[in-house]
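Given the structure is predicted, the values throughout are model-derived calculations rather than measurements. Below, all heavy atoms of this structure are taken into account, side chains as well, without hydrogens, waters or symmetry copies. Naming: A, B, ... by sequence-line order, numbering from 1 per chain.
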Amino acid sequence: MSISIRAIRGFRDIGPDEAYRHRFIEDQARDHFSLYGYREVRLPILEPTELFARGIGEGTDIVEKEMYTFQDRNGTSLTLRPEGTASAMRAYLEGGWSAQGGIAKIFYHGPMFRYERPQKGRYRQFYQIGLEAIGGAGPLVDAEVITLLSRFFNKMGVDDVRILVNSLGCPSCRPVYRQALVDFLEGVEEDLCSNCVRRITVNPLRVLDCKVPSCREAMDGAPGMLSFLCADCREHFSKVQEVLEAAGVVSTVDPGIVRGLDYYSRTAFEAVCDRLGAQSAVAAGGRYDFLAAEMGGDAPGIGFALGVERLAMLMDWESRPSPSLDFFVAAATPASRTPVLRLAERLRAASKAVGIDLEEKSLKAQMRQAGKTGAARVIILGDDEMRSGTLQIRDFTTGNQETVTEKEFFRSFCGEPSPTKGES
RNA sequence: GUGAGCAUAGCUCAAUUGGUUAGAGCGCUGGACUGUGGCUCCAGAGGUUGAGGGUUCAAGUCCCUCUGUUCACCCCA
């Protein structure tokens, strides 16, 4: 088609079927997270550019080339949020949420924006459900967050998601490891792809998860972060694993888990599924004990972000059809059009979902429409019925049709709790 | 930002070595059934072949440019 105005690249319209799926996921997440004491918050979509520049890190891809940044009418630089954690921390510090004592357990959902080339499972506006536990530094918090996430996938019926965990160390041990890694990489530089050679200076940790076979081979004897962890980090990580195991959460230690955002420390984790194509992560997160300091505060925290589109791609929706109408009221004759409206309104007042024809189509066309919209029953009203005060009730699942008086009908469907079934 | 593929009806796709009126399925509308869906049969509506230029007697088909889109790299949810 040649309509002249289209949605901009990477921005999509989410139609009724997909919106229903998003809504379903969000509702389930809300229920599930609240079982662990997390409460929903709503955060701005627009923030000062500085929040992300400092929080996420100046050298990261997100800040360098993926942000939607522009000036408002005052000339201040604003950015459409590329992720939620920085905002959550800002809100925590600004709103004094720590004053309530204990760990602030919050979650949120909504659109994020990144100026990337779209591909499967990746859009410029995409939806995340984020969860953060701010104010707790101990390994039990990490374990709870990962457990909650893992259980959520189970609950959504997605069983082939793997949980990968790693420890990134802290400011006292990570630099030591980084140096050791750089030393190693410089020794095998000729065997690395050109990309990885560049990474040695830009972000050496990234070489760890390069997919080029020759790089993997070259990385065979590379030092691992885990053997460089300081005593505190080592203990923290092993405690996390211990508790996860006790909770029955299956996870795999993967030294290749390297978060792209600067603020992560210690525990990092990822939920991946190989049915997603190249964008295999459906959720990812980690601990960010030094993020608050970038904003002039001080609070440890851990959290994750879940990609709603990606989770929706993994779920089996065949067995979860969208809800359909309870009734379709068809007008058999022109004179019954108005009575049909009245009847439909009466049913809707009793919280029944009711469809009617608004295009004055033939009865046959109305029946077809009713079948297509998936109505459970059709009520037919025409001259004969009006004369006798009855209705034709046709059950579309069985094909049976019966004549009942209007009184009877309302008694059984809108009076006492219906003995047939509670549909929706 | 880089690379490759694709672009034909509302949707999914056909169309011979370039060849005359661009087809089919699904969907839509109507009919067979003067007030009854799903199955079947019949009919109808629906296209500037993404846009622009070029080669040719002739272009959906070949060439160039642009735009869009998909997948991958990169990166990430």
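- Among the atoms of the strands shown, none is found under 4.0 Å from any heavy atom of A/Q125.
- For the pair A/A332 and A/P118, both in contact range of RNA chain B, the more 5′-proximal nearest nucleotide belongs to A/A332.
- Summarising the geometry, atom CD belonging to A/E47 is positioned 3.5 Å from atom OG belonging to A/S87; distances are rounded to the nearest 0.5 Å.
- Side-chain nitrogen and oxygen atoms of A/K361 include at least one within less than 4.0 Å of the OP1 or OP2 phosphate oxygen of B/rU29.
- For B/rU70, the OP1/OP2 oxygens have no side-chain nitrogen or oxygen of A/Q119 closer than 4.0 Å.
- Rounded to a whole Å, the CG atom of A/N400 is 18 Å from the P atom of B/rU36.
- Geometrically, A/R346 engages A/F410 in a cation-pi contact, judged by NZ or CZ lying under 6.0 Å from the ring centre and within 45° of the ring axis.
- Between the side chain of A/R6 and the base of B/rG68, no donor-acceptor pair of N or O atoms lies under 3.5 Å.
- Between B/rG19 and B/rC64, the two C1' atoms lie 24 Å apart (nearest whole Å).
- To the nearest whole angstrom, the two C1' atoms, one in B/rG31 and one in B/rG37, are 16 Å apart.
- Note: CE (A/M367) to P (B/rG35) measures 13 Å, nearest angstrom.
- Here A/F113 lies out of heavy-atom contact (under 4.0 Å) with every strand.
- B/rG18 and B/rC71 have their C1' atoms separated by 30 Å, given to the nearest Å.
- Annotation: B/rG23 and B/rG44 have their P atoms spaced 13 Å apart (nearest Å).
- When rounded to the nearest whole Å, the span between CG of A/L164 and P of B/rA77 equals 14 Å.
- Contact of A/R122 with B/rC74 (side chain to base): a donor-acceptor pair of N or O atoms is detected under 3.5 Å.
- The nucleotide B/rG1 finds its pairing partner in B/rC73, both defining distances of the Watson-Crick or G-U wobble pair being shorter than 3.5 Å.
- In this structure, a donor-acceptor pair under 3.5 Å is absent between the side chains of A/T390 and A/E406.
- Within the 4.0 angstrom heavy-atom criterion, base atoms lie near A/F396.
- When the P atom of B/rA77 is taken as reference, atom CG of A/D61 falls 11 Å away, rounded to whole Å.
- Using a 4.0 Å heavy-atom distance criterion, A/G399 is classed as a base contact.
- Atom pair A/D383:CG and B/rU36:C1' shows a separation of 15 Å (rounding to whole Å applied).
- Pairing partner, B/rU48: none, since no Watson-Crick or wobble contact has both distances short of 3.5 Å.
- Ring stacking holds between A/F126 and B/rA77, with the centres under 5.5 Å apart and the planes within 30 degrees of each other.
- Between A/R114 and B/rA77, a side-chain N or O to OP1/OP2 separation shorter than 4.0 Å is present.
- Of the candidates B/rU36, B/rA77, B/rG35, B/rA77 carries the atom nearest the A/E309 side chain, counting heavy atoms from C-beta on.
- What separates CD of A/E66 from C1' of B/rC74 is a distance of 9 Å, to the nearest Å.
- Look at CG on A/D274: it is 17 Å from C1' on B/rA77, rounded to the nearest Å.
- For B/rU20, there is no paired nucleotide, since no Watson-Crick or G-U wobble pair has both relevant distances below 3.5 Å.
- For A/F396 and A/F328, the gap between ring centers reaches or exceeds 6.0 Å.
- Within 4.0 Å of A/K120, counting heavy atoms only, lie sugar-phosphate atoms of the nucleic acid but no base atom.
- When the C1' atom is used for both B/rG50 and B/rG68, the distance is 7 Å, rounded to whole Å.
- Pairing partner, B/rC62: B/rG54, with both Watson-Crick or wobble hydrogen-bond distances short of 3.5 Å.
- One can find a donor-acceptor pair under 3.5 Å joining the base of B/rU36 and the side-chain atoms of A/Q401.
- One P atom belongs to B/rC39, the other to B/rA15, and the distance between them is 29 Å to the nearest Å.
- Contact annotation: side chain of A/E385 to base of B/rG35, donor-acceptor pair present below 3.5 Å.
- With A/F11 as the aromatic partner, A/R124 does not meet the cation-pi criteria of under 6.0 angstrom to the ring centre and within 45 degrees of the ring axis.
- Closest to the side chain of A/R117, out of B/rG1, B/rC74, B/rG37, is B/rG1.
- Taking the centre of each ring, A/F327 and A/F409 come in below the 6.0 Å mark.
- When each of A/E40, A/E144, A/E132 is tested with A/K105 by the rule salt bridge (charged side-chain N to carboxylate O under 4.0 Å, His left out), just one qualifies, namely A/E144.
- At the heavy-atom level, A/A370 lies nowhere under 4.0 Å from the strands shown.
- Between the CD atom of A/E360 and the C1' atom of B/rU29 there is a distance of 16 Å, rounded to whole Å.
- Using N1 to N3 plus N6-O4 or O6-N4 for Watson-Crick, or N1-O2 and O6-N3 for G-U wobble, each under 3.5 Å, B/rU40 pairs with B/rA32.
- Using a 4.0 Å heavy-atom distance criterion, A/R310 is classed as a base contact.
- Separating the P atom of B/rG52 from that of B/rU40 is a span of 41 Å, rounded to the nearest Å.
- When each of A/F11 and A/V282 is assigned the nucleotide of RNA chain B bearing its nearest heavy atom, the one mapping closer to the 5' terminus is A/F11.
- Partner assigned to B/rA7 is B/rU67, using Watson-Crick or G-U wobble distances below 3.5 angstrom.
- Residue A/K364 places at least one side-chain N or O closer than 4.0 Å to OP1 or OP2 of B/rG37.
- Residue A/R9 places at least one side-chain N or O closer than 4.0 Å to OP1 or OP2 of B/rU69.
- At a cut-off of 3.5 angstrom, the base of B/rC71 holds no donor-acceptor pair with the side chain of A/Q279.
- For an aromatic pair to be called close, the ring centres must be under 6.0 Å apart, and A/Y115 with A/Y68 satisfies this.
- Comparing the P positions of B/rC26 and B/rA22 gives an interatomic distance of 22 Å, to the nearest angstrom.
- Among the protein residues, A/A365 comes within range of the sugar-phosphate backbone only, with heavy atoms under 4.0 Å from sugar or phosphate atoms but none that close to a base.
- A side chain to side chain contact (heavy atoms under 4.5 Å, CB included) with A/L343 is found for exactly one of A/T338, A/I356, A/V329, namely A/V329.
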